[in-house]
Amino acid sequence: MADFVPKDDFYTPANTETVKFRLNLIKKYPTYIKTKQVNNHIFDQKRSFQLTKRSNFTANGAIAKIIEYRQDEILFSTHRGDVSSYNLDTSEYKILYNHNNTRTSAIAYISTGDLIASGAQDGTLLLNKSGAMTQSPVHKERIVDVCSLKYSSNNLITISQDKTWSLHDLNNLSTILYKQDGYTSGLSAMSVSEYDHLLVTATLDEIQMHDLRSGSLLGRSKNMDKEPCHAMKLLGNNHTLVTGGQGKLKIFDLRKININGINDCLIDEKLVHQGNLVTSIDFKDDVLVSTGFKDASVEINTLKNGFIQNINENRESMSIVGDKLLTSKILNNGQILSAGFNSKINFIY
């Protein structure tokens, strides 16, 4: 795979703190092996998923992202900068803070430090811990997504429309540990492997894989179709990648990646959102949920032997009327959440 990587591109010297971060990932590998969970559950029959209710509040602006928070709570962000919590048991809705009154579609929660991190349209990264907030301008344009790391909980990765991704130390936002540039267009999606060592990024032009332990670019593949990718998910085996494009879901085996084109490692593709832009993907316990933008469609599939199979008997009626969807989330209890422009959270079960 490394044979396909140009030797003179994508090199950023590492500072001392970045080297410590990489060594820490390597040292924690035995811990990962001991705690790795093996999931053998496969859906063999269809189920009747349907919209069961909507939240009893209207948020301030379109809901851009939903993530898990404290017990029985979720966090969500809006296009007007609000970061809010919602209690699934009591239906209590609370605005926690506002991120510069600007679009905030990048958000993560670090449970070990009870810390919320959000990224906004103005390129700032903000940390909120028990109401105490610090922020820093870490990118020149919109932060598209932010990802907390499971085995290096003091670090965070951000991707941006300014054609870079960055590695951050949560104790010192003003100093960026590592910034990778050299892209030809803005970054639109990313996914990090279960053990934090592999980072996959997408732009309009290509998909790339980076080794976070060494800083090496492992592979890059041209997007010959110039199809947008605003959502992707790297599965637990570290080589199966699910991406969403112009209505399609695609499954790739990254072990076969070729610089000449990402379709060389394509396993399966399926038109599931009828040409609408796929805005979000979530995957848990073999359930794959995706949302389409214009028709507010919610697709529920499973991956069996690497192929996409629909498991919702109510597929034809699974559109959220009067909405344009931006995000989805599968909860531990199997409930599915989605949200978008109508500023309400939709509950599917």
Side-chain angles (χ1 to χ4, degrees), residues 1-6 9-10 25 29 32-33 36-44 145 147 150 157 159 165 183 187-214 216-273 278 280-290 299-311 330:
M1 186 180 297
D3 294 339
F4 299 115
V5 180
D9 281 343
F10 290 85
L25 282 184
Y29 184 71
Y32 162 74
I33 292 297
K36 179 176 173 60
Q37 295 180 350
V38 178
N39 176 34
N40 296 315
H41 179 67
I42 294 291
F43 280 88
D44 292 320
D145 201 2
C147 180
K150 184 176 180 180
I157 294 175
I159 62 172
W165 64 263
Y183 292 89
L187 279 76
S188 55
M190 72 167 165
S191 185
V192 178
S193 66
E194 188 173 350
Y195 172 53
D196 298 343
H197 67 288
L198 181 62
L199 168 67
V200 183
T201 61
T203 69
L204 183 63
D205 304 304
E206 60 184 348
I207 286 178
Q208 299 174 12
M209 296 185 296
H210 296 264
D211 186 347
L212 294 177
R213 296 169 300 186
S214 66
S216 300
L217 175 64
L218 298 178
R220 59 194 300 190
S221 190
K222 296 177 183 177
N223 180 3
M224 305 301 292
D225 300 329
K226 299 291 184 180
E227 189 173 21
C229 175
H230 291 284
M232 61 165 49
K233 183 70 174 179
L234 183 63
L235 304 192
N237 59 18
N238 292 335
H239 59 75
T240 301
L241 179 71
V242 185
T243 67
Q246 196 66 43
K248 294 180 180 178
L249 292 179
K250 294 184 177 182
I251 313 296
F252 300 98
D253 185 343
L254 295 180
R255 295 172 296 183
K256 303 176 182 179
I257 196 167
N258 186 318
I259 192 173
N260 294 322
I262 186 67
N263 286 337
D264 290 343
C265 58
L266 182 65
I267 300 174
D268 188 28
E269 67 175 314
K270 196 170 186 178
L271 180 63
V272 294
H273 292 284
V278 178
S280 72
I281 290 174
D282 198 18
F283 182 84
K284 182 176 290 185
D285 295 336
D286 292 315
V287 177
L288 175 66
V289 173
S290 58
E299 288 287 342
I300 305 170
N301 292 281
T302 187
L303 299 182
K304 192 172 183 179
N305 300 322
F307 295 96
I308 304 167
Q309 297 183 8
N310 185 271
I311 56 171
I330 306 174

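All values reported here derive from a predicted model rather than from experimental measurement.
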Asker: Spell out, as yes or no, whether a donor-acceptor pair under 3.5 Å connects the side chain of Asp145 to the backbone of Ile159.
Answerer: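 Looks like no, no N/O pair under 3.5 Å.
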Asker: Under a plain distance cut-off of 3.5 Å, with no hydrogens placed, do Glu299 and Asn310 share a side-chain donor-acceptor pair?
Answerer: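 Yes, Glu299 and Asn310 have a side-chain donor paired with an acceptor closer than 3.5 Å.
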Asker: Is it the case that the side chain of Asp285 and the backbone of Val287 share a donor-acceptor pair, with hydrogens and angles ignored and the cut-off at 3.5 Å?
Answerer: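 No; judged by distance alone, with no hydrogens or angles, the pair does not exist.
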Asker: Ser221 and Asn258: which non-hydrogen atoms are nearest, and at how many Å?
Answerer: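 It is OG-O, 2.7 Å.
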Asker: Is Asp268 reaching over with its side chain to a backbone N or O of Ile251, donor-acceptor style, under 3.5 angstrom?
Answerer: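 Between the backbone of Ile251 and the side chain of Asp268 there is no qualifying donor-acceptor contact (under 3.5 Å).
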Asker: Is there a side-chain contact between Ile257 and Ile262 in this structure, where contact means two heavy atoms from C-beta onward sitting under 4.5 Å apart?
Answerer: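 Result yes, sub-4.5 Å side-chain heavy-atom pair found.
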Asker: Once rounded to the nearest 0.5 Å, what's the spacing between atom CD1 of Ile308 and atom OG of Ser290?
Answerer: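 Spacing of CD1 (Ile308) from OG (Ser290) equals 8.5 Å.
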Asker: Looking at every heavy atom in both Leu199 and Val192, which two are closest together, and how far apart are they?
Answerer: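 For Leu199 versus Val192, the nearest heavy atoms are CD1-CG2, 3.8 Å.
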Asker: Would you indicate whether the side-chain heavy atoms of Met209 and Leu198 approach each other to under 4.5 Å?
Answerer: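 Yes, at least one pair of side-chain atoms sits under 4.5 Å.
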Asker: Counting neighbours of NZ on Lys270 that are heavy atoms of other residues, nucleotides or ligands and sit closer than 6.0 Å, is the number greater than 12?
Answerer: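 Counting other residues, nucleotides and ligands, NZ of Lys270 exceeds 12 neighbours.
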Asker: Give, for atom CE of Met190 and atom OG1 of Thr201, the distance between the pair rounded to the nearest 0.5 Å.
Answerer: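 OG1 of Thr201 is found 9.5 Å from CE of Met190.
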Asker: Taking only residues two or more places apart in sequence, or in another chain, which ones meet Asp205 in a side chain to side chain donor-acceptor pair (under 3.5 Å)?
Answerer: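 Result, side chain to side chain donor-acceptor pair (under 3.5 Å) vs Asp205: Thr184, Ser185, Lys226.
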Asker: Leu288 and Leu249: which non-hydrogen atoms are nearest, and at how many Å?
Answerer: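 Nearest heavy atoms, Leu288 then Leu249: CD2-CD1, 3.9 Å.
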Asker: About how many Å separate CG of Leu204 and CD of Glu206, when rounded to the nearest 0.5 Å?
Answerer: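 Output value for this atom pair is 10.5 Å.
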Asker: Looking only at non-hydrogen atoms, find the nearest pair between Ser193 and Asn238 and report the distance.
Answerer: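 Result for this residue pair: CB-OD1, 3.2 Å.
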Asker: How close do Met232 and Ala202 get, heavy atom to heavy atom, and via which atoms?
Answerer: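 Heavy atoms only, the tightest pair is CE-CB, 3.4 Å.
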Asker: Please report the interatomic distance CG(Asp253) to CG(Asp264), rounded to the nearest 0.5 Å.
Answerer: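 Going from the CG atom of Asp253 to the CG atom of Asp264 covers 12.0 Å.
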Asker: Please, which pairs that meet salt bridge (Lys or Arg N to Asp or Glu O under 4.0 Å) have at least one residue in residues 227-245, sequence neighbours excluded?
Answerer: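 Salt bridge (Lys or Arg N to Asp or Glu O under 4.0 Å) check on residues 227-245 returns Glu227-Lys250.
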Asker: Any idea how Trp165 and His210 line up, ring-wise: parallel (<30°), tilted (30 to 60°), or perpendicular (>60°)?
Answerer: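 Taking His210 first and then Trp165, their aromatic rings stand perpendicular (interplane angle over 60°).
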Asker: Please check if the side chain of Thr203 supplies one atom and the backbone of Leu187 the other of a donor-acceptor pair under 3.5 Å.
Answerer: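 It does not hold such a pair.
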Asker: With a 3.5 Å distance limit and no angle check, can you tell me whether Ser188 reaches the backbone of His230 through a side-chain donor-acceptor pair?
Answerer: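 The answer is no, because no donor-acceptor pair under 3.5 Å joins these two groups.
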Asker: Are any of the side-chain heavy atoms of Leu254 and Leu218 separated by less than 4.5 Å?
Answerer: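 When only atoms from C-beta onward are counted, Leu218 and Leu254 do not touch, as no gap falls below 4.5 Å.
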Asker: Within a strict 4.5 Å, meaning less than it, do heavy atoms of the Ile207 and Asn223 side chains meet?
Answerer: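 Heavy-atom side-chain distance check fails, nothing below 4.5 Å.
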Asker: Between the side chain of Asp282 and the main-chain N/O of Val289, is any donor-acceptor distance below 3.5 Å?
Answerer: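 No, Asp282 side chain to Val289 backbone: no donor-acceptor pair under 3.5 Å.
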Asker: Specify the closest pair of heavy atoms between Lys150 and Glu194, including all atoms of both residues, with the distance to one decimal.
Answerer: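 Reported closest heavy-atom pair: CD-O, 4.1 Å.
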Asker: Rounded to the nearest 0.5 Å, what separates atom CG in Leu271 from atom CD in Gln246?
Answerer: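 If we round to the nearest 0.5 Å, Leu271:CG and Gln246:CD are 10.0 Å apart.
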